[in-house]
Each structure stands twice: as C-alpha cells, then as structure tokens.
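One-based numbering along the sequence shown. When a ligand or atom number is given, it counts from 1 through the structure's own listing order. These figures come from a predicted structure and were not determined experimentally.
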Amino acid sequence: MCSFLQISRNMHQGNQTTISEFLLLGLSNQPEQQQLLFVLFLGMYLVTVAGNGLIILAIGLDSYLHTPMYLFLANLSFADISSISTSVPKMLMNIHTNSQSISYESCITQMYFSIVFVNIDNFLLGVMAYDRFVAICHPLNYLTIMQLRFCIFLTVVPWVLSNIVALTHTLLLLQLIFCDISTLPHFFCDLALLLKLSCSDTMINELVLFFVGLLVITFPISLIFFSYICIIRAVLRISSTEGKWKAFSTCGSHFTVVLLFYGTIVGVYFFPSSMLPDDRDKIGAVLFTVVTPMVNPFIYSLRNKDMKGALRKLINRKSFLLLMPWASTFLSSQ
Ligand SMILES: *[C@@H]1O[C@H](CO)[C@@H](O)[C@H](O)[C@H]1NC(C)=O
C-alpha cells in the first residue's frame with residue numbers, strides 16, 4: 001500500500017497535474033435532502049456492519065458451521081463490510097462537515113478498494129457456486145476435494161485477482177491528467193466517472209475497463225451457470241421430495257444473492273439508456289456498494305436453518321446479551 005501511494009504521488013507530479021483534491025457532489029445538491037441522506041445512509045451502514053458482523057461471529061463461534069460453504073460466506077460478509085466502508089463513511093463525514101472535498105490520494109485509494117471489493121464479491125460468488133456444485137453433484141468426493149488447503153486457496157484467489165484488476169485500472173488512471181474543475185457528481189470516487197472527468201485521452205482506459213470487466217464477469221458467471229445446470233439435474237434425479245428440498249435449500253440463498261448481484265449488473269448496465277434516468281452510474285453504485293452488501297446477510301440468515309440456529313446460539317450467549325439486547329429481541333421474534 002505504501003509503495004503504491006508512492007507511485008501515485010510520483011506519477012502525479014511527473015504529469016504536471018496541479019490537482020490536489022476532487023469535489024464529491026454527493027447524491028443530491030438540495031440542502032434540505034442532506035439530512036435525510038445522512039440518516040438513510042448511516043442506517044444502511046450500521047445495518048450492513050451489524051448484519052455481516054453477526055454472520056462472521058456466528059460462523060466463527062459455531063464449530064458446526066466450520067464447513068467450506070460457511071467459511072466462504074464469512075469471507076463474503078467480510079468483503080461486504082469492507083465494500084461499504086470504502087465509500088459510505090467518507091460520504092457521511094462530508095455531509096456532516098458540510099464539505100465536498102476529497103484529496104487526490106484518498107480519491108484514488110477509495111477507487112482502488114471499491115474495485116477490489118466489488119470484484120471479490122463477484123469471484124466469491126463463483127467460488128461458492130463451485131462449492132455447491134461439488135457438494136451436490138459429487139457428494140462422495142466433497143471432503144477429499146474441499147480440503148482446508150484448497151478452500152484457503154479458493155479464498156485467496158479472489159483477493160489476488162481483484163487486486164490485480166484494481167491495480168491495472170489504477171495504474172492506467174494515474175497516467176491521466178485532470179484539469180482545473182474536478183467535480184464528481186457522485187458520492188465516492190468511481191472509476192467510470194473519473195475517466196469522464198479527465199481531460200486526457202481515455203480511450204485505452206475505457207477499452208481496458210470494458211474488456212477486463214467482461215473477462216472478470218464472464219468467468220464466475222460461466223462457473224455459476226455450469227454449476228447450476230449440474231445441480232438442477234442432480235436435484236431432479238433425487239426421488240424423495242424431502243431430499244430435493246434439502247439439496248435445494250443449501251443453494252437457494254446463494255442463488256438469490258447471485259440473482260441480485262448479476263441482476264443489478266444487467267439491469268443497470270445492459271438496459272437501453274432510454275429506459276433509465278441519466279444517473280444510472282449513481283444508481284448502479286448505490287446498489288453495488290450499499291444495497292447488495294446490506295441485504296446479503298438477511299438472505300442467508302432468513303432462508304437458512306443452520307445459520308438461524310447459529311445466530312440464535314450467538315445471541316443467547318450471556319456476554320453477547322450484555323452488548324446487544326436489541327439483537328436478541330429481533331431474532332427471538334423470528
Ligand atoms: C475465509 O475462508 C478461509 C478458508 O477458506 C477461512 O480460514 C477464513 O477464516 C475465512 N475468513 C473469514 C473472515 O471468515
């Protein structure tokens with residue numbers, strides 16, 4: 001990270017850019033809406049951190065859930081907390097202090113990590129589909145295939161790939177020059193918007209954005225697609241209805257999250273522009289960085305018996321009760 005910032009600063013000077021900060025206009029320029037946005041996003045932030053934090057704690061403390069599927073889920077929750085933390089706290093801070101500025105370095109760092117965490121989510125969904133594929137289509141070999149070392153490998157790969165993707169985009173972005181008015185009509189430093197703002201030629205950046213984006217999406221999507229074809233065929237072969245349900249219930253949550261994540265991509269980026277308002281970038285960003293991370297834990301904990309059981313166990317711990325009385329009332333009412 002240190003050397004990365006060093007590079008950023010050097011290039012920044014080498015290109016005679018005079019810009020030392022950007023202005024983030026946020027989601028609305030209406031002063032009377034700022035209060036509402038603050039409350040709304042603070043609420044979503046707290047719900048996301050609490051929900052995903054509970055999932056990580058529940059999985060970590062319940063040895064019954066120390067299986068690949070739940071370890072990947074804990075990793076997904078961790079990526080979700082990190083994802084929302086790259087943008088929302090800064091946004092809340094800016095609303096609170098009535099400021100719009102973000103330094104050049106912070107902006108690049110924010111962009112870097114928002115790319116990293118969205119990509120980790122994307123790759124992890126592929127890994128989780130593969131896990132369900134092995135569990136349902138090759139149940140007898142599951143334990144030999146999904147050994148701890150291989151699982152760790154499968155969680156490290158998304159991190160490595162995501163950092164490579166983010167580094168590629170960032171190094172290319174650092175070549176660009178930004179002219180005097182550096183105003184982003186957004187609530188965080190988003191790559192696509194930064195490209196629009198630059199006064200250099202961004203053709204290479206746009207091409208890389210497009211092709212890397214395509215590659216990065218195609219790989220997990222095909223993995224998910226082929227996994228689910230095998231899963232559906234395997235589930236159809238099970239004769240008992242109860243067995244069918246059991247197999248299906250372990251993929252149901254994953255499938256819902258997959259639909260939500262890629263449905264957002266298709267909805268925001270592939271629909272004709274005439275059907276969506278001008279700020280599709282903003283809508284997409286809010287969905288990716290705020291809404292998806294927020295609802296993931298609910299999808300998993302509301303549809304999954306084991307997860308519910310683990311959460312209940314967690315909540316019933318005495319030490320925990322002292323910390324979060326409200327959480328226990330929430331869960332016991334389910
Ligand atoms: C992520 O997964 C690995 C194994 O695949 C596990 O050891 C690790 O604890 C998980 N991380 C979190 C935050 O749960």
Got the closest protein heavy atom to atom 14 (O) of ligand 1, with its distance?
A74 CB, 3.0 Å
Crowded around I204 CD1? As in, over 12 foreign heavy atoms under 6.0 Å?
no
Is it true that T155 lies under 4.0 Å from ligand 1, counting heavy atoms only?
yes
Can you tell me if the gamma sulfurs of C107 and C189 sit closer than 2.5 Å?
yes
Which label fits F117 and F113: parallel for a plane angle under 30°, tilted from 30 to 60°, or perpendicular past 60°?
parallel
Could you walk me through whether S103 and S106 satisfy the side chain to side chain donor-acceptor pair (under 3.5 Å) test, starting with their C-alpha distance in whole Å, then the side-chain angles of each, then the deciding distance to 0.1 Å, before giving a yes or no?
CA-CA 5 Å; S103 71; S106 307; 2.7 Å; yes
Does the pair F261 and D121 meet the rule for a side chain to side chain contact (heavy atoms under 4.5 Å, CB included), with working shown?
CA-CA 9 Å; F261 188 81; D121 258 18; 4.0 Å; yes
Residue, atom name and distance, where the atom is the protein heavy atom closest to atom 4 (C) of ligand 1:
I152 CG1, 3.9 Å
for atom 5 (O) of ligand 1, nearest protein heavy atom and its distance come out as C151 O, 3.3 Å
I'd like the name of whichever of V127, L71, V156 reaches closest to atom 9 (O) of ligand 1 through any heavy atom.
L71
At less than 4.0 angstrom from any non-hydrogen atom of N75, what atoms of ligand 1 do you find?
1 (C), 2 (O), 3 (C), 8 (C), 10 (C), 11 (N), 12 (C)
From CA spacing to verdict: side chain to side chain donor-acceptor pair (under 3.5 Å), E206, T202
CA-CA 6 Å; E206 312 252 354; T202 56; 3.2 Å; yes
Protein heavy-atom contact under 4.0 Å for atom 7 (O) of ligand 1?
no
